[in-house]
Amino acid sequence: MSDTLPKGYEPRDVEAKWRSRWRDDKTFSPDPKASGDPYCIVIPPPNVTGALHIGHALNLTLIDSLCRHYRQKGRNVLWIPGTDHAGIATQNVVEKTLAKEGKRRQDLGREKFIERVWQWREEYGHRILNQIEALGCSVDWTRLRFTLDEGLSRAVRKVFVQLYREGLIYRGKYIINWCSRCHTALADDEVEHSDERGHLWSIRYHLQDSDESIIIATTRPETIPGDTAICVHPEDERYTHLIGKTALVPVLGRAIPIIADKYVDREFGTGALKVTPCHDHNDWALGKTHNLEFIQVIDEDGIMKAEAGKYAGLSKQECRKAILADIESRGDLVRIEDLTHSVGHCYRCHTVVEPHVSEQWFVATTKLAPRAKEAIPNRITLLPETWTKTYYHWLDTIRDWCISRQIWWGHRIPAWTCTQCHHLIVAEEDPTVCPECGSHDLHQDEDVLDTWFSSALWPFSTLGWPDKTEDLARWYPTAVLVTGFDILFFWVARMIMMGEHFMGNVPFKTVYLHALVRDAQGKKMSKSTGNVIDPVKMIETYGCDSLRFTLTAFAAMGRDIKLSEERIEGYRHFVNKLWNAARFTLMNLEDEAPKAVDLAAVEGLNNRWILHRLELLKRDMDQAFEEYRFNDVAQGGYKFLWSEFCDWYLELVKPDMQSAERKAQSQYVLYTVLKELLILLHPIMPFVTAEIWQALPGHAGEDLATMRYPEERPDCLRPEDAARMEFLQGVIVAVRTIKAELDINPSHKVVLTLRPADAGQQELLLANEGTIVTLARLERMEVGIDIHAPKASASSVVQGCQIIVPLKGNVDLQGELARLAKEMGKLQTALEVVDKKLSNESFVTRAKPEIVQRERDRAAELKDNLEKLTTLQARFHEALENGED
RNA sequence: GGGCGGUUAGCUCAGUUGGUAGAGCGCUGCCCUUACAAGGCAGAUGCCACAAGUUCAAGUCUUGUACCGCCCACCA
């Protein structure tokens, strides 16, 4: 006996031990020259500001299980870790800490502030990395990257400059989304819309030199000073006579034209619309097509500008009040209605986003979109497939991507303006002199790039691009991208665009979009709702493997995960089960590894059966990984370990351990099955499996993470033996059921009489007498096709074999009658169903012959079992009436 | 308005190519059988949302309906 495992599994110590071993040994740092097909995954880089949340945990667990699995399969696996500088988010965090000191970033100045952010990152930016490690991720720490590190910054510059030269990056004055709190432009998809209750004000605009007037409806009266037109539908009879006339802006009295455009919805409001090109996206478009005046009245801090006349200097909220009061006092406020309308908010700080006109940089994604669209499904497999339509739709309706941000933390835009001649220089290296006028007085653009700009380069920049590195040649394109569907547009689509453009090839061959993790009620987890499950806490409480197994078991493709702590607790039992199965195994092995035997020729139905099941499991799990059916991977392992290995095989093998002739080979089978099972489970639960592995005789000091997937053993596939085993299981279960249902104590040893259906069954039963006696807990058993049995017996039939348990003395005879009746009833209805099918002429002629045959076999068996039970029942009645036997 | 998903046991969900409905948790009863009481054994519970269609055969394929959820667009 070589029990070196402690009685209880202690995840904390074990996990710490293996984490440091994997780190110190650089176990997951592959050599690009090593053999094996390349398999690379880049981490979706978490924000440096971030703490590991349950969504990361799911994402990283799935990626890690893939990496570990394909490493076992002999692929040359590289998983690159890293973090994202997260421009706005990080700047916000550091600004908050500054605010506690009573300072603003402007007080420090740009340079000092950035220094401060780096300093913050040095201190706190590693938290998320430690958490990634705590989750057991097999990343290569020697290749750790950061979106703002030196190499990636070079990549960003090169990309920017090239796109600029190709005309795919341009600068221009456009209406963009402005967050006045973050003080920066936002891309369209950084704006989150939500419905809010507001008001719709109907306001009368008087016509110039006329008594006529027109009533418009608006939700934002504060923009009235910026009105430069009124627009109606060209076919709206209420207003056709006014088209071309001139109206006056309320209070300010400025003259504006009344124009017509089909864009106007006649049903909404009054059917007349005020046009404020500088403060509304649609009005901007109207302004462009109708060549209107552009008057900006709200500045980037939300303060009314001089153009707003008497309202200048007011906040936009104050202005709204003031202008409404003025309009009302003139009798031109016609109506106020409640209105629920959607309002855009900053995805970072949730401040209401203001449409704002300013000079910004754009990537012409409209030009890059077609190739990215066509990549799927031709060069990239998108899973689940259902996202393809959504992806296409987004690319079809895409607008150019606003990439400049008016913040300090990020990649500064490599563009300089000559203060002398205003020449614009875009260059990879900082220029010192203006090529036009020779001036040295150059001013770099103040803006930085959208964080997602550097993220878009992640799959090749992390591999060393723009240098021609060995890594890049070896591992690009990467194998698969695993991420949440919420960043399909932010990130995935843009990586495809950039990969195609700069590498001439897609960045990954497969995209697997996993679900969102929700709470038990299906609500999104959020700190404010207070329904978050903290993975770090879960790891501490239940162990990392429990958490990982739970997440994997629920990761069915295309479906959200509803998670609760109870489920994690539940799967901890599974970890424990594995641990104890291993302890049992070790207790039954010697100090040395058992001597190998020819597994294809091994004796014992138990051994042949479990080896057969193991072969099937190996195939199934491998296939499930290939198809990203993570839930099936987990379920397959669960079922095998618990329902087959523990519930049956370990019980079946116990007698062998007392048997001189069986012991040696059963020890080897037991050892082999456990070992291979550990390998199979390792990708999902790396720690507990690694710990058990090194405790196995012959494997001391070994690291399971470096072991290969078990070879197939086709000789061990024995469906006939599996069927025999199932028959024996059926017999054992039948006896247990009789005992349980007739309130016979399970430990009460009965004499079992078996009347097999044929010689084959008889032989099988006799050959496995020990097994049956032990597992059914018998005094002894008697076998014979016509063997005598007491009439006062409980009975059952399994595959035609009669199971007879004598009911001597104080037993519930009525109970047995009821039990028999119930069992026969079940058989009866089943038989009726099958008979009905078989008597259906068209079924017999049209269904596949093998299906028909199966039904016939089934009918025959049901009929046979039913007849036998009927006979047994008759005997039982006799016994009741006439006394014993 | 456009798109997508869901509806299966009390709860949470699996159900690959159509061929006898499954798991976990929970529940009931019995059992401390020396790996595990975080356990073992046995049991109960389903008009697979509704309707029509295709088919010998539908949880599975087609169409429609209802309810729930998500995404995108618009919202003066």
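Each chain gets a letter, A, B and so on, in the order its sequence line appears, and its residues count up from 1.
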Return the 5'-most residue of the pair A:N840, A:Y571 with respect to RNA chain B, ranking by each residue's nearest nucleotide.
-> A:Y571
Mind calculating the distance between CD (A:E823) and C1' (B:rG43) to the nearest angstrom?
-> 13 Å
With under 30° as parallel and over 60° as perpendicular, where do the rings of A:Y571 and A:F549 fit, or are they tilted in between?
-> tilted
Among the nucleotides B:rG15, B:rA38, B:rC4, which one has an atom lying closest to any side-chain atom of A:N631?
-> B:rG15
From B:rG39, B:rA35, B:rA44, pick the nucleotide closest to the side chain of A:C646?
-> B:rA35
Contact class for A:K739 vs. all strands (heavy atom < 4.0 Å): base, sugar-phosphate, or nothing?
-> nothing
Enumerate, in order of first residue number, the stems that involve RNA chain B, defined as 3 or more consecutive Watson-Crick or G-U wobble pairs with both distances under 3.5 Å.
-> B:1-7 with B:66-72, B:10-13 with B:22-25, B:27-31 with B:39-43, B:49-53 with B:61-65
Taking atom types as they are modelled, is there a donor-acceptor pair under 3.5 Å from the base of B:rC36 to the side chain of A:K577?
-> yes
A:E850 CD - B:rU20 P separation (whole Å) | 13 Å
A:W387-A:Y391 aromatic ring centre distance below 6.0 Å = no
Considering non-hydrogen atoms only, spot the tightest contact between A:R12 and A:E540 and give its length.
-> NH2-O, 3.9 Å
Could you check how far CG of A:L652 sits from P of B:rA35, rounded to whole Å?
-> 15 Å
Counting heavy atoms from C-beta on, name the nucleotide in B:rA38, B:rG5, B:rA35 closest to the side chain of A:N576.
-> B:rA38
Give the rounded distance in Å between these two atoms: NE2 of A:H573 and C1' of B:rA23.
-> 16 Å
Parallel under 30°, tilted from 30 to 60°, perpendicular over 60°: which one fits the rings of A:Y512 and A:H514?
-> tilted
Considering only atom C1', compute the distance from B:rG5 to B:rU45 and round it to an integer number of Å.
-> 28 Å
How would you label the contact of A:V264 with the nucleic acid (heavy atoms, under 4.0 Å): base, sugar-phosphate, or nothing?
-> base
Would you mind reading off the distance between A:K837 atom NZ and B:rA57 atom P, rounded to a whole angstrom?
-> 11 Å
Note: A:D236 and A:R266 closest approach over all heavy atoms is OD2-CG, 3.4 Å
Tightest non-hydrogen contact, residues A:K739 and A:N745, listed as CD-O, 4.1 Å
Where the side chain of A:Y638 is defined as all heavy atoms beyond and including C-beta, which of B:rG39, B:rG15, B:rG24 is the nearest nucleotide?
-> B:rG24
Measure from CZ on A:F640 to P on B:rA23 and round the result to the nearest Å.
-> 18 Å
Which whole-number value in Å describes the distance from A:F554 CZ to B:rC11 C1'?
-> 11 Å
Summary of protein contacts for nucleotides 27-32 of chain B, nucleotide by nucleotide, where a base hit scores B, a sugar-phosphate-only hit scores S (4.0 Å, heavy atoms) = ---SS-
Between B:rG43, B:rC36, B:rA35, spot the one nearest the side chain of A:F584, thanks.
-> B:rA35
Among B:rA35, B:rA42, B:rU20, the nucleotide that comes nearest once only the side chain of A:T737 is considered = B:rA42
Counting heavy atoms from C-beta on, name the nucleotide in B:rG5, B:rG43, B:rA42 closest to the side chain of A:T386.
-> B:rG5
So, are A:E861 and A:R858 salt-bridged, with charged N and O less than 4.0 Å apart?
-> no
Nearest-nucleotide wise, let me know which of A:F489 and A:T218 is further upstream toward the 5' end of RNA chain B.
-> A:F489
Looking only at heavy atoms, the pair that brings A:K274 and A:I216 closest together is CD-CD1, 3.9 Å
How is A:E855 classified with respect to the nucleic acid when contacts are heavy atoms under 4.0 Å: base, sugar-phosphate, or nothing?
-> nothing
NA contact type, A:D647, heavy-atom cut-off 4.0 Å: base, sugar-phosphate, or nothing?
-> sugar-phosphate
So what does A:L200 touch, heavy atoms closer than 4.0 Å: a base, only the sugar-phosphate, or nothing?
-> sugar-phosphate
Proximity to the side chain of A:D632 - top-ranked nucleotide from B:rG40, B:rU20, B:rA14 | B:rA14
Choosing from B:rC72, B:rG3, B:rC36, which nucleotide comes nearest the side chain of A:K389?
-> B:rG3
Per A:Y263 side chain, nearest of listed nucleotides B:rG19, B:rC74, B:rA44 = B:rC74
Please give, in whole Å, the distance from B:rG26 C1' to A:R567 CZ?
-> 11 Å
